[in-house]
Amino acid sequence: MTTDFLSHLNPSQRQAVEHFCGPLLVIAGAGSGKTRALTYRIANLVLEHRVDPENILAVTFTNKAAKEMKERIERLFAEREAIREHGKSLESLPGYVQTKLRSHIYKTITKDLWIGTFHALCCRILRFDIEKFQDERGRKWTKAFSIFDESDAQSLVKDIIINQLNLDEKKFDPRSVRYAISNAKNKGLSPQEYEKEQPNFRGRVISNIYSVYQDKLAENNAVDFDDLILIPVLLFRQNEQIRAYWHKRFRHILVDEYQDTNRTQYDLIQLLVTNGESATKFDDWNYRSVFVVGDADQSIYSFRMADFTILMGFQHDFGDGLPDDDTRTMVKLQENYRSTENILQLANELIENNTERIDKILKPTRGQGEPAFCYRAQDEIDEAEFVVQRMRKLEQNNSDLHWGKFAILYRTNAQSRAFEDILVRWGVPYKIVGGLRFYDRKEIKDVLAYLRAIVNPADTISLLRVINTPRRGVGKSTIESLQKASIELGIPLWEIISDETSVKTLAGRSAKGVIAFANIIQKYREMLDAVSANEIVQGVLEDSGYVQDLKAQGTDEAEDRFQNVQELYNAVLQYEEENEDDKSLIGFLASASLASDLDNTPEETTTVSLMTLHSSKGLEFPIVFLVGLEQGLFPSYRSLDDPAAIEEERRLCYVGITRAKERLFISHARERRLYGNREPASPSLFLAEMPRELMDSNTATSIPAKWTKGAAQTKSPILVNHADADADWSVGDRVIHSQFGVGEITNVFGSGTKATLAIRFDGLPGMKRKILPISDRALQSID
DNA sequence: CGTACCATGCTTTTT
DNA sequence: GCATGGTACG
């Protein structure tokens, strides 16, 4: 590697990139160039340290990030080759030479790098090794396994609750049961282990549902998202040989967004790094490294069991555990190359309100910039009007601004509607990023069900989904009798369906339809090994009559669906192009199951982007509108009585602010439609925490007064009644708390049971402010 | 067996 | 206010 290559980096980035063996934690603030550090590091490992690309494993948070990383690495190598071989920059070479160069790089280097999400990488491992795994009840899977998405998993849980166990759906809400199961899996607990932890009846019932759920998954030769990670972990624990193989293979492991890993993912990394030894004792770092990049302040996925204390524990687990100034196993990237100083200061001050974090501030490298602007709207329509009018004005007055430079970020998907209406009215082009997943559409799920049924004969759930889609006259009673036979004989449904004599006796008038269906599945299953994915998809679409049926309907909706099916076919072709070495249908199905809607958003757009704050992570926009800053919406009402959850919401807000490069607009409405009703709304707690001097606003009072640091007004402190929901709190009230002592209310957010109090406690060193839920019974008012 | 209409419950966030 | 799912009827 040439030195000028590394000269693109600041000293901290350089330290991260040049690190070779051993553990390293990189604390990377928003916009601090961490993707650059990651890609350069991989390039440096290969070029400088002669690491075989096969020995490198890089974990990203999204498929899109993985794809980008691959492209950037490929580009780095191509750039270098261009200079070396032709003495010219890549761009100045003729197109065909560029292509040739890139394809050479792909074949010799990037093809062998394992870069992807935990899910995608684990899926790949499982396709090698899942048949060597058996769980403690003897459940087994084959490599043709199906991946059930969240809605598949939930329907399965629901079916078990209602039909298998005859439980009350109201008492055992499928959603929360599924959540409990997911929780258990992310802690690595099997149904039996989970049961031991359950003191009450409800918990034991859930563990029973969990157990049946695993039976059903195995029966269908299917896994859920959690299993994708958990099974490799269990397999590595039970099979030393397999573990040793992957341990030896992945000598250099990189993990991006480490703050959003969960326990199971951590276990996986640890098993791979230490080959099963404990992390603290492991010291054989010859030709081996673990390099994690993250930012505790951007941890926003705890609802998905992500646990940022894993990041905070890295120094203890793998590192030298020394203080920040002396450590050789941690680097902080704090220079921010994205946003103006005003925006960064706003972000820094907001996040300082969190108690659980690694000390870090974003240092500006660009100019002061414009102040942020806060707009108080009457309602969500007014809010959308403001946003759209402001965008139009900016777009008209600045020739360098086009629609692609604007983003509207919100907390919940439901908020997009008002903006869409107004954007349409003013003819502003926009797109919703990461809304309904392409692969969640009904027609797509139908086609995928055909494909899954073909690949995986045990996948009864997919089989049932399409046995009568399109209509073949196979009704409920027919399906029931077929299923009954399958259960009584103890053989998979497919065995019954594919046996003509059985079908004829069981299905009566519908037999013809069932046999026709079985023949289609059978025909393409036989072709699986011989033919590439796209041919099978094309054939299935024809033979099943699915496309014909859509065309026959003649409605706009059907036309739309047809377009989507067409799009799916394109996705298959694209998959084949990108995966020359594995054009199988199995491979495509895996990639489809793990795809998200974010994956296909092109980097360069010419339309306004609308998305949730979660979807915005990792992106940046010159102009950002952060909307709906209202108590109960953002922060979400579900987090109001939980300080840890409020901190996560605050991180989410921090993520939103730090997406902005040049200008930041924030808005909140005084009332808002919720489930069709108008509800009054009060400004978000986070607005109060943003420094006023960095923000303009349309009303003087639109931002609540900043926290005062001066002495509180003295009132004689007398204990009165306990805090209750009806109590009327107001700013300036003196209160006493059993744990924190005497303080003064500095802000009241919301009212009644939804209220949250901000209290400044007297004589609490280091604790400037504390957010307390009103349900906190330890709080009493002083009169 | 398929369709049409009605009721319910929902809003966090997603690989 | 809307999407989903269940029921009643043809």
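Chain naming here is simple, since letters A, B, ... match the order of the sequence lines and numbering starts at 1 in each.
- The distance between atom CD1 of I467(A) and atom C1' of dG2(B), rounded to the nearest whole Å, is 17 Å.
- For the pair E649(A) (side chain) and S636(A) (backbone), a donor-acceptor distance under 3.5 Å is present.
- Stacking between F303(A) and dT13(B) is shown: the ring centroid lies under 5.5 Å from the centre of the six-membered base ring, and the planes differ by under 30°.
- As judged by a 4.0 angstrom heavy-atom cut-off over every strand, K442(A) is placed among residues making no nucleic acid contact.
- Rounded to whole Å, the C1' atom of dT11(B) lies 22 Å from the corresponding atom of dG6(C).
- The side chain of S477(A) places an N or O atom within less than 4.0 Å of a non-bridging phosphate oxygen (OP1 or OP2) of dC1(B).
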| said: As a quick check of understanding, evaluate side-chain contact (heavy atoms from CB on, under 4.5 Å) for E71(A) and K67(A), giving each step before the final call. | reply: CA-CA 6 Å; E71(A) 276 166 12; K67(A) 205 169 151 188; 4.1 Å; yes
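- By the 4.5 Å heavy-atom criterion applied to side chains, Q415(A) and R672(A) are counted as neighbours.
- Heavy atoms of N413(A) sit under 4.0 angstrom from primed sugar atoms or phosphate atoms, though from no base atom.
- Spacing between atom OH of Y179(A) and atom P of dT14(B) amounts to 14 Å, rounded to whole angstrom units.
- The interatomic distance linking H614(A) (NE2) with dT13(B) (P) rounds to 9 Å, in whole Å.
- You'll find that the side chain of R471(A) is closest to dT3(B), out of dT14(B), dC1(B), dT3(B).
- When distances are taken from the side chain of S615(A) to each of dC1(B), dT14(B), dT15(B), the shortest belongs to dT14(B).
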| said: For Y410(A) and S416(A): C-alpha separation, side-chain torsions, deciding distance, then whether side-chain contact (heavy atoms from CB on, under 4.5 Å) applies. | reply: CA-CA 8 Å; Y410(A) 37 75; S416(A) 69; 3.4 Å; yes
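- The outermost nucleotides of DNA chain C lying under 4.0 Å from heavy atoms of chain A, listed 5' to 3', are dG1(C) to dG6(C).
- In this structure D256(A) satisfies the salt bridge (charged side-chain N to carboxylate O under 4.0 Å, His left out) test together with K34(A), sequence neighbours excluded.
- Between F686(A) and F634(A), the ring-plane angle classifies as perpendicular under the 30° and 60° cut-offs.
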Protein-nucleotides 4-11 of chain B N/O pairs closer than 3.5 Å?
{"from": "dT11(B)", "atom 1": "OP2", "to": "R175(A)", "atom 2": "NH1", "distance (Å)": "2.5"}
{"from": "dT11(B)", "atom 1": "O3'", "to": "Y637(A)", "atom 2": "OH", "distance (Å)": "3.2"}

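- Residue E648(A) is out of contact with every strand shown, counting any heavy-atom pair closer than 4.0 Å.
- Here N468(A) lies in heavy-atom contact (under 4.0 Å) with sugar-phosphate atoms only.
- Rounded to whole Å, atom P of dT15(B) lies 21 Å from atom OH of Y258(A).
- Atom CG of N186(A) is separated from atom P of dT14(B) by 17 Å (rounded to the nearest Å).
- Looking at R651(A), R650(A), R357(A) one by one, the single match for side-chain hydrogen bond (donor to acceptor under 3.5 Å, both in side chains) with D297(A) turns out to be R357(A).
- The residue Y301(A) sits close only to the backbone: its heavy atoms come under 4.0 Å of sugar-phosphate atoms, none of a base.
- Summarising the geometry, the separation between CD on Q154(A) and P on dT14(B) is reported as 15 Å, rounded to the nearest angstrom.
- Atom CZ in F61(A) sits roughly 15 Å away from atom P in dT13(B) (whole-Å rounding).
- Less than 6.0 angstrom separates the ring centroid of Y301(A) from the ring centroid of F61(A).
- Across the protein-nucleic acid pair, D549(A) atom CG and dG2(B) atom P stand 12 Å apart, rounded to whole Å.
- Looking at which nucleotide of DNA chain B each of T478(A) and L594(A) is closest to, the 5′-most match is held by T478(A).
- In this structure, K216(A) does not pair ionically with D159(A), as no charged nitrogen and carboxylate oxygen lie closer than 4.0 Å.
- In this structure the side chain of V293(A) never reaches within 4.5 angstrom of the side chain of L254(A), judged on heavy atoms.
- Across all strands, S639(A) comes closer than 4.0 Å to no nucleic acid atom at all (heavy-atom distances).
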